[in-house]
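All heavy atoms count here, side chains included; hydrogens, waters and symmetry mates do not.
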Amino acid sequence: MSIQQTDVLYTAVATAENGRDGRVATDDGKLDVVVNPPKEMGGSGAGTNPEQLFAAGYSACFQGALGVVARQEKADISGSTVTAKVGIGKNDDGFGIIVEISARIPGVDAEPARALLEKAHQVCPYSKAIRGNITVTLV
């Protein structure tokens with residue numbers, strides 16, 4: 001279910017200059033990075049790229065969702081990490097992305113850890129935003 005403008009608690013604002021080969025900065029100055037296409041896509045690879053930025057945001061958001069689910073399930077996920085791999089490639093109408101999410105949850109057996117990942121995927125705002133548009137694999 002979508003939220004309404006009146007439900008918004010925080011809005012991030014970022015501005016890009018020169019697209020995938022330029023600069024991206026937030027209005028508060030906390031993020032200011034050079035972006036360049038990766039070498040694999042014919043770029044210099046000197047800066048970061050949108051896929052890395054998306055992977056960083058998604059992994060952080062998913063880790064937060066995992067924490068919410070773990071608290072609900074009374075599971076200890078201390079020392080856990082979440083990794084998002086974001087791939088980009090050609091598709092029928094240009095380019096598309098694909099995502100793989102993995103987590104390391106020390107002290108939690110494989111089956112309960114998988115259940116936590118599945119539940120986190122249902123509540124993570126990034127997962128909700130891309131559901132039905134981007135293939136996400138949980139590993």
Side-chain angles (χ1 to χ4, degrees):
M1 178 185 312
S2 298
I3 66 170
Q4 303 301 312
Q5 188 61 39
T6 55
D7 299 320
V8 172
L9 301 173
Y10 168 75
T11 300
V13 179
T15 302
E17 297 173 3
N18 216 26
R20 294 180 72 86
D21 204 2
R23 176 179 164 260
V24 176
T26 56
D27 64 336
D28 62 5
K30 291 182 180 177
L31 178 72
D32 189 340
V33 295
V34 171
V35 290
N36 302 114
K39 288 182 180 182
E40 296 84 351
M41 294 179 66
S44 70
T48 189
N49 58 67
E51 291 71 39
Q52 288 176 326
L53 295 170
F54 187 74
Y58 199 171
S59 62
C61 188
F62 201 97
Q63 176 77 37
L66 184 62
V68 168
V69 169
R71 283 189 293 282
Q72 291 170 346
E73 300 288 321
K74 296 183 179 18
D76 181 3
I77 63 162
S78 299
S80 65
T81 59
V82 171
T83 300
K85 294 181 180 180
V86 176
I88 184 170
K90 292 185 179 184
N91 63 11
D92 293 340
D93 54 356
F95 284 86
I97 62 173
I98 189 167
V99 177
E100 180 181 291
I101 300 281
S102 61
R104 187 183 66 74
I105 310 174
V108 177
D109 291 335
E111 192 173 314
R114 177 68 184 191
L116 289 172
L117 283 182
E118 293 286 350
K119 289 177 182 177
H121 188 43
Q122 295 308 307
V123 301
C124 173
Y126 272 57
S127 293
K128 288 179 182 182
I130 64 174
R131 190 164 288 127
N133 296 308
I134 296 172
T135 300
V136 178
T137 305
L138 303 177
V139 294

- [ ] Look only at the side chain of Asn49 and the backbone of Glu51, and say whether a donor-acceptor pair between them is shorter than 3.5 Å.
- [x]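 At least one qualifying donor-acceptor pair exists.
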Open item on the list: Using a 3.5 Å distance criterion without hydrogens, assess whether the side chain of Asn36 forms a donor-acceptor pair with backbone atoms of Gly47.
Closed with: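 Yes, Asn36 side chain to Gly47 backbone: donor-acceptor pair under 3.5 Å.
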TODO: Verify the neighbour count for atom CG of Asp92: are there more than 12 heavy atoms of other residues, nucleotides or ligands below 6.0 Å?
DONE: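 At most 12 heavy atoms, drawn from other residues, nucleotides or ligands, come within 6.0 Å of this atom.
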Open item on the list: Counting neighbours of CD on Glu111 that are heavy atoms of other residues, nucleotides or ligands and sit closer than 6.0 Å, is the number greater than 12?
Closed with: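 Open.
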Open item on the list: Within this structure, what is the CD-CZ distance for the pair Glu118 and Arg114, rounded to the nearest 0.5 Å?
Closed with: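 Here the rounded value is 4.5 Å.
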TODO: Specify the closest pair of heavy atoms between Asp28 and Thr26, including all atoms of both residues, with the distance to one decimal.
DONE: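 In terms of heavy atoms, the two residues are closest at OD1-OG1, 2.7 Å.
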TODO: Taking all non-hydrogen atoms of both residues into account, name the closest pair between Ala70 and Leu116 and its distance.
DONE: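 Taking Ala70 first and Leu116 second, the nearest heavy atoms are CA-CD2, 4.2 Å.
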If you define the side chain from C-beta out and look only at heavy atoms, does anything of [X] sit under 4.5 Å from [Y]?
| X | Y | value |
| --- | --- | --- |
| Asn18 | Arg23 | no |
| Arg20 | Met41 | yes |
| Ile3 | Val8 | yes |

Open item on the list: For residues Val123 and Val108: do they belong to one hydrophobic cluster (side chain heavy atoms under 4.5 Å, members Ile, Leu, Val, Met, Phe, Trp, Tyr)?
Closed with: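 Val123 clusters together with Val108.
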Open item on the list: Taking Ile97 as the starting point, is it possible to reach Leu53 by hopping between hydrophobic residues whose side chains are less than 4.5 Å apart?
Closed with: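 Not linked; separate clusters.
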- [ ] Could you list who else is in Ile98's hydrophobic cluster, with ILVMFWY side chains joined at under 4.5 Å, directly or through other members?
- [x]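 Besides Ile98, the cluster holds no residue at all.
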Distance-only check: which donor-acceptor pairs under 3.5 Å involve side-chain atoms of residues 130-139, not counting sequence neighbours?
| residue | atom | partner | partner atom | Å |
| --- | --- | --- | --- | --- |
| Arg131 | NH2 | His121 | O | 2.5 |

What pairs of donor and acceptor atoms, side-chain ones from residues 54-66 against any protein atom, are under 3.5 angstrom apart with sequence neighbours left out?
| residue | atom | partner | partner atom | Å |
| --- | --- | --- | --- | --- |
| Tyr58 | OH | Ser127 | OG | 2.7 |
| Ser59 | OG | Ala55 | O | 3.0 |
| Ser59 | OG | Ala56 | O | 3.1 |
| Gln63 | OE1 | Val82 | N | 3.2 |
| Gln63 | NE2 | Ser80 | OG | 2.9 |

Open item on the list: Applying side chain to side chain contact (heavy atoms under 4.5 Å, CB included) to Glu73 and Lys119, what does each step give before you reach the verdict?
Closed with: CA-CA 10 Å; Glu73 300 288 321; Lys119 289 177 182 177; 2.9 Å; yes
